[in-house]
Novice: 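One structure is given below, represented as structure tokens, and several questions about it will come after.
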Amino acid sequence: MHGNIGFGNAVSGKLKYRDVGCGQIGEKDVGKEISLCGWVFRNRDHGGLIFIDLRDRTGVAQLVFNPDVDAATHDQAHHLKVESVIAVRGEIRKRPVGTENPAIPTGMVEVYVKSLSILNRADPLPFSIEDNSEVSESLRLRYRYLDLRRPEMLSNLVTRHRVCKTTRDYLDGAGFLEIETPILTKSTPEGARDYLVPSRTNPGGFFALPQSPQLFKQILMVAGMDRYFQITKCFRDEDLRADRQPEFTQIDLEMSFVGADDVIKLVEGLLNRMFKEISGLDVETPFPRLTYRESMERFGNDKPDMRFGLELKDMAEEARMSTFKVFLDALDAGGRVKAILGKNMAAYSRRETDLLTQEVQAMGAKGLAWIKVKDGFESTITKFFPEEALRKMAEKLDAQPGDMMLFIADREAVVHDVLSRLRLELGKKSGLIGNEDKFLWVTDFPLLEWNEEEERFQAMHHPFTSPVDENLEYVLNGDFSDRAAVSSLRARAYDIVLNGSEIGGGSLRIHNPQVQRRVFQLIGISEKEARERFGFLLDALRYGAPPHGGLALGLDRIVMIMTGSDSIRDVIAFPKTQKAACLLTNAPSAVDTKQLRELYLKLTLPEEQGEPEE
RNA sequence: GGGGUGGUAGUUCAGCCGGUUAGAACGCUGGCCUGUCACGCCAGAGGUCGCGGGUUCGAUCCCCGUCCACCCCGCCA
């Protein structure tokens with residue numbers, strides 16, 4: 001339980017509600033007369049003696065109502081409803097020998113209640129306040145104030161608070177200023193869909209809620225703030241997942257006159273301290289680093305879970321030794337043949353391998369090739385391979401008898417995508433995932449990625465990310481029609497990955513207006529467009545912009561991992577559903593036409609589904 | 001936008017291969033109980049089977065549509 005609350009000073013008018021928290025009484029207090037407040041957690045009415053567990057944020061205390069102490073109070077207690085809020089006054093006594101409860105911190109003592117006042121009588125609850133209750137999520141969200149009474153939810157919010165507190169302490173100590181940036185801001189072109197806010201005072205004009213404070217923090221660097229941070233909400237109007245909310249919180253920071261290593265070192269220090277102070281874990285720094293390229297080659301994605309092996313192995317050489325058309329065709333078409341180890345999967349039945357094949361097909365692969373390793377090699381495709389190739393492949397994968405080798409041959413993107421997902425699944429299934437937290441930096445991201453639909457390049461990180469020094473000359477003077485050259489540009493960007501989850505990312509920014517213009521050009525933003533959308537940034541870069549860079553950490557995801565939560569909703573006090581609705585307040589909801597008129601808005605809803613009228 | 005899982009008492013679930021009175025546990029209400037801690041015992045109340053339509057003599061069950069929650073793909077620089 002968190003912190004020592006100054007309950008002794010909690011005075012409202014002349015009435016002193018309570019002396020301490022329920023969880024704070026102990027043997028040291030035996031003999032004292034005190035006041036407690038809280039919620040009726042459990043009610044054990046023996047007719048004569050009545051035991052009530054009184055709960056507040058600090059814990060639980062057992063109250064005893066004895067008719068011999070005060071008959072009227074005892075009678076009152078007889079009618080107490082669960083989750084009612086009460087205040088009691090009574091004497092702390094040691095529990096009789098043999099009736100102590102070692103399961104709770106206050107279990108050695110109990111409060112003999114002399115007087116009781118019911119501050120708020122509770123109706124029967126829609127669900128009970130228990131940690132292990134499996135109530136439907138919609139009910140929990142609708143009655144969030146009840147859900148949050150569960151100790152587990154409280155504990156999650158306490159952890160969240162402590163992450164914020166540690167962050168503020170650490171960054172303050174490192175010379176950072178906490179500065180707020182606007183929530184009503186300008187719509188950005190690249191990236192996620194914006195949440196829009198119409199402007200009454202500027203008819204037809206819209207604010208957007210920030211997807212991140214990116215531009216403002218860069219402007220703060222130009223303003224000479226040197227080191228900025230903020231724990232702030234970001235908004236993205238995209239579809240939700242178990243670890244994604246439409247509004248989420250970032251620990252956002254930016255520093256002047258730094259290189260990537262400075263930012264990385266600072267963040268390693270922050271995370272190290274967080275995990276030490278909150279989880280009691282000593283996270284080793286510096287964290288390992290992988291380049292994007294290496295991460296893709298070895299794990300198939302840019303946020304590998306480093307808690308287990310099962311690395312992807314390139315099998316092009318062995319495939320070339322074979323006469324297996326599927327592999328050869330993939331290679332000839334410029335694709336890849338790679339494999340992963342299926343630990344202890346040689347016993348798979350035909351049915352099971354078929355199921356696995358269906359799975360990878362659902363992920364986008366054309367098929368799955370497999371070779372079981374027993375005394376020899378067993379598969380319908382071994383006949384296409386010389387013995388030497390089979391042995392080499394087994395060696396690369398460190399396959400032992402009893403294992404199975406799993407191959408995907410396709411375009412590189414498909415091979416990596418499918419195998420990385422397969423790797424995760426196999427890791428989980430085989431119980432190979434260790435329980436030690438594994439941090440990782442992924443560096444040297446491509447500057448741009450090709451967008452098939454729009455047939456143009458777009459920024460992989462964001463358009464303000466600096467290219468690496470070696471690419472600066474090309475960015476400033478090169479010929480952008482050379483797609484291969486443009487594709488190979490790399491960014492001074494870095495992501496921080498924890499247990500296979502991207503918990504943050506950042507970069508060194510462009511602080512030269514000419515470079516910024518050329519990058520806009522690369523991603524197909526015209527001079528005119530750049531002016532309209534980012535004129536203020538381009539201007540700022542002309543009036544003394546220091547080299548700067550920073551990073552943003554996903555607070556919700558960090559707290560999720562620290563608390564072992566499966567859902568981001570369990571670490572947010574008032575989260576939204578998968579449809580981005582708030583079941584507590586019923587937002588979003590319709591507004592009346594007067595409000596719309598004031599904002600110069602007219603609705604054009606799809607055909608009415610309410611009244612089936614002709 | 002697509003795929004999947006679920007929706008039956010206040011809650012968590014069972015059930016009904018279409019049939020007359022839809023069950024359990026917990027909770028709730030009343031009673032009994034002076035050492036419990038998920039107290040115990042006895043009795044009782046409690047249902048639009050998510051919603052709309054269809055098939056049928058008859059639908060909680062079958063069919064179609066729809067809404068809600070969750071998981072995933074697309075999407076999320």
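Bear in mind the structure is a predicted one, so any value in this text is a computation, not a measurement. In what follows, chains carry the letters A, B, and so on, assigned in the order in which the sequence lines appear, proteins first and then strands, with residues in each chain numbered from 1.
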Novice: Less than 3.5 Å apart, any donor N or O on the side chain of A/S501 or A/N499 sitting next to an acceptor on the other?
Specialist: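 No, no side-chain donor-acceptor pair sits under 3.5 Å.
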Novice: Between A/R241 and B/C73, is there a contact of a side-chain N or O with OP1 or OP2 at under 4.0 Å?
Specialist: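 Checking A/R241 against B/C73: at least one side-chain N or O falls below 4.0 Å of OP1 or OP2.
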Novice: Looking at every strand, decide which applies to A/Y112 at a 4.0 Å heavy-atom threshold: base, sugar-phosphate, or nothing.
Specialist: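 Base contact.
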Novice: Quantified in whole Å, what is the C1' atom distance between nucleotide B/G10 and nucleotide B/C73?
Specialist: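 Pairwise C1' distance, B/G10 against B/C73, rounds to 37 Å.
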Novice: Would you indicate which nucleotide in B/U29, B/A38, B/U36 comes nearest to any side-chain atom of A/K81?
Specialist: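 It is B/U29.
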Novice: Taking the same atom, C1', in B/C42 and in B/C33, what whole-Å distance lies between them?
Specialist: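 11 Å, rounded to whole Å.
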Novice: Can you tell me the base-pairing partner of B/A14? Count Watson-Crick or G-U wobble geometry only, both distances below 3.5 Å, and say none if there is no partner.
Specialist: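 Its partner is none (no Watson-Crick or G-U wobble pair with both distances under 3.5 Å).
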Novice: Determine the contact category for A/Q245: base if any of its heavy atoms lies under 4.0 Å from a base atom, sugar-phosphate if only primed atoms, P, OP1 or OP2 are that close, otherwise nothing.
Specialist: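 Nothing, no nucleic acid heavy atom in range.
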Novice: Would you please classify the geometry between the A/F480 ring and the A/Y474 ring as parallel, tilted or perpendicular, with 30° and 60° separating the classes?
Specialist: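 Taking A/F480 first and then A/Y474, their aromatic rings sit tilted (interplane angle of 30° to 60°).
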Novice: Look at the side chain of A/D239 and decide which nucleotide, out of B/C70, B/C75, B/C33, has an atom nearest to it.
Specialist: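 The listed nucleotide nearest to A/D239's side chain is B/C75.
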Novice: Within the 4.0 Å heavy-atom criterion, would you say A/R569 contacts the bases, only the backbone, or no part of the nucleic acid?
Specialist: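 It contacts sugar-phosphate atoms only.
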Novice: Using distance alone, with no hydrogens and no angle criterion, decide if A/Q250 and A/S212 have a side-chain donor and acceptor under 3.5 Å apart.
Specialist: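 No, no side-chain donor-acceptor contact under 3.5 Å.
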Novice: If you check the A/L583 side chain, which of B/C39, B/A69, B/C73 turns out closest?
Specialist: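 Of all the options, the side chain of A/L583 is nearest to B/A69.
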Novice: Closest approach to the side chain of A/R193, judged atom by atom: which nucleotide of B/G35, B/C75, B/U12 is it?
Specialist: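 The nucleotide sitting nearest to the side chain is B/C75.
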Novice: Assess whether one donor atom and one acceptor atom, taken from the side chain of A/R95 and the base of B/C37, lie less than 3.5 Å apart.
Specialist: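 Such a pair is found, so the answer is yes.
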Novice: Nearest to the side chain of A/N66, heavy atoms from C-beta on, is which of B/A69, B/C76, B/U34?
Specialist: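 Nearest to the side-chain atoms of A/N66, counting from C-beta on, is B/U34.
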Novice: Is a side-chain N or O of A/T58 found less than 3.5 angstrom from the main chain of A/G23, in a donor-acceptor match?
Specialist: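 Yes; at least one donor-acceptor contact below 3.5 Å.
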Novice: Mind checking A/P126 for me? I need base, sugar-phosphate or nothing, with any heavy atom below 4.0 Å counting as a touch.
Specialist: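 Sugar-phosphate, no base atom in range.
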Novice: By the 4.0 Å heavy-atom rule, please label A/D68 as base, sugar-phosphate, or nothing.
Specialist: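 Base, at least one base heavy atom under 4.0 Å.
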Novice: How many whole angstroms separate atom NZ of A/K428 from atom P of B/C71?
Specialist: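 Atom-to-atom, A/K428 to B/C71, this comes out as 13 Å.
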Novice: Indicate whether the side chain of A/S565 and that of A/T563 have a donor and an acceptor atom separated by less than 3.5 Å.
Specialist: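 Side chains of A/S565 and A/T563: pair found under 3.5 Å.
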Novice: Using a cut-off of less than 4.0 Å, is there contact between a side-chain N or O of A/K94 and OP1 or OP2 of B/G35?
Specialist: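 Answer no for this pair, as no side-chain N or O of A/K94 is under 4.0 Å from OP1 or OP2.
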Novice: Could you tell me if A/R44 and A/Q62 have a donor-acceptor pair between their side chains, going purely by distance under 3.5 Å?
Specialist: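 On atom types as modelled, these side chains qualify, holding a pair under 3.5 Å.
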Novice: Picking from B/C37, B/C70, B/U34, which would you name as closest to the side chain of A/Q62?
Specialist: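 Nucleotide nearest to A/Q62's side chain: B/C37.
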Novice: Scan A/S212 against the nucleic acid and name what it touches under 4.0 Å (heavy atoms): base, sugar-phosphate only, or nothing.
Specialist: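 Base contact.
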Novice: Does B/U55 have a Watson-Crick or wobble partner in any strand here, with both distances under 3.5 angstrom, and which is it?
Specialist: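 The base-pairing partner of B/U55, which may sit in any strand shown, does not exist here.
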Novice: If the C1' atom of B/G58 is compared with that of B/G44, how far apart are they to the nearest Å?
Specialist: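 That atom pair is separated by 33 Å.
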Novice: Identify whether any heavy atom of A/L240 sits under 4.0 Å from a base atom; if not, whether one sits that close to sugar-phosphate; answer base, sugar-phosphate or nothing.
Specialist: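 It contacts nothing in the nucleic acid.
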Novice: In Watson-Crick or G-U wobble terms, both distances under 3.5 Å, what is the partner of B/U5?
Specialist: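 Paired with B/A69.
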Novice: Expressed as a whole number of Å, how far does the C1' atom of B/C28 sit from that of B/C57?
Specialist: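 My reading of the C1' atoms in B/C28 and B/C57 gives 40 Å.
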Novice: Counting only side-chain heavy atoms from C-beta out, which of B/U34, B/C37, B/U12 sits nearest to A/S136?
Specialist: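 Of the options given, the side chain of A/S136 lies nearest B/U12.
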Novice: Whole Å only: how far is the CD1 atom of A/I52 from the P atom of B/U34?
Specialist: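 Interatomic distance, CD1 of A/I52 to P of B/U34: 16 Å.
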Novice: For B/C28, which nucleotide is its Watson-Crick or G-U wobble mate, given both distances must be under 3.5 Å?
Specialist: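 Pair assignment: B/C28 / B/G44.
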Novice: Starting from the 5' end of RNA chain B, give me the residue, A/P124 or A/E100, whose nearest nucleotide shows up first.
Specialist: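 Checking each residue's closest nucleotide, the 5'-ward one belongs to A/P124.
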Novice: Quick one: is A/T577 getting a side-chain N or O under 4.0 Å of the B/C68 phosphate, OP1 or OP2?
Specialist: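 No.
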Novice: Would you mind telling me which residue lines up with the more 5' stretch of RNA chain B, A/A242 or A/R44, judged by nearest nucleotide?
Specialist: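 It is A/R44, whose closest nucleotide lies nearer the 5' terminus.
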Novice: Under 3.5 Å, is there an N or O donor on one side and an acceptor on the other linking the side chain of A/E134 and the base of B/U11?
Specialist: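 Answer is no: no donor-acceptor pair is held.
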Novice: Closest approach to the side chain of A/Q578, judged atom by atom: which nucleotide of B/G35, B/C33, B/C72 is it?
Specialist: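 When the side chain of A/Q578 is considered, B/C72 is the closest of B/G35, B/C33, B/C72.
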Novice: Ignoring hydrogens, what is the shortest heavy-atom contact between A/D194 and A/S187? Give both atom names and the distance.
Specialist: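 The answer is OD2-OG, 2.5 Å.
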Novice: Using the P atom in both, what is the distance from B/A45 to B/U5, to the nearest Å?
Specialist: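 Straight-line distance between the two P atoms is 39 Å.
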Novice: Please report the distance separating the P of B/A43 from the corresponding atom of B/U55, rounded so that it comes out in whole Å.
Specialist: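 Rounded to whole Å, the distance is 47 Å.
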Novice: Scan every strand shown for a Watson-Crick or G-U wobble partner of B/C37, both distances under 3.5 Å, and answer none if you come up empty.
Specialist: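 Answer to the pairing question: none, since B/C37 forms no Watson-Crick or G-U pair.
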Novice: Can the ring centres of A/F65 and A/Y112 be said to be less than 6.0 Å apart?
Specialist: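 Between A/F65 and A/Y112, the centre distance exceeds or equals 6.0 Å.
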Novice: With rounding to the closest Å, how many angstrom separate the P atoms on B/G15 and B/C62?
Specialist: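 It comes out at 13 Å once rounded to the nearest Å.
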Novice: Nearest of B/C28, B/U36, B/C76 to any side-chain atom of A/R244?
Specialist: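 Closest of the options to the side chain of A/R244: B/C76.
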Novice: What's the gap between B/A14 and B/C26 when it is taken at their C1' atoms, as a whole Å value?
Specialist: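 Their C1' atoms lie roughly 14 Å apart.
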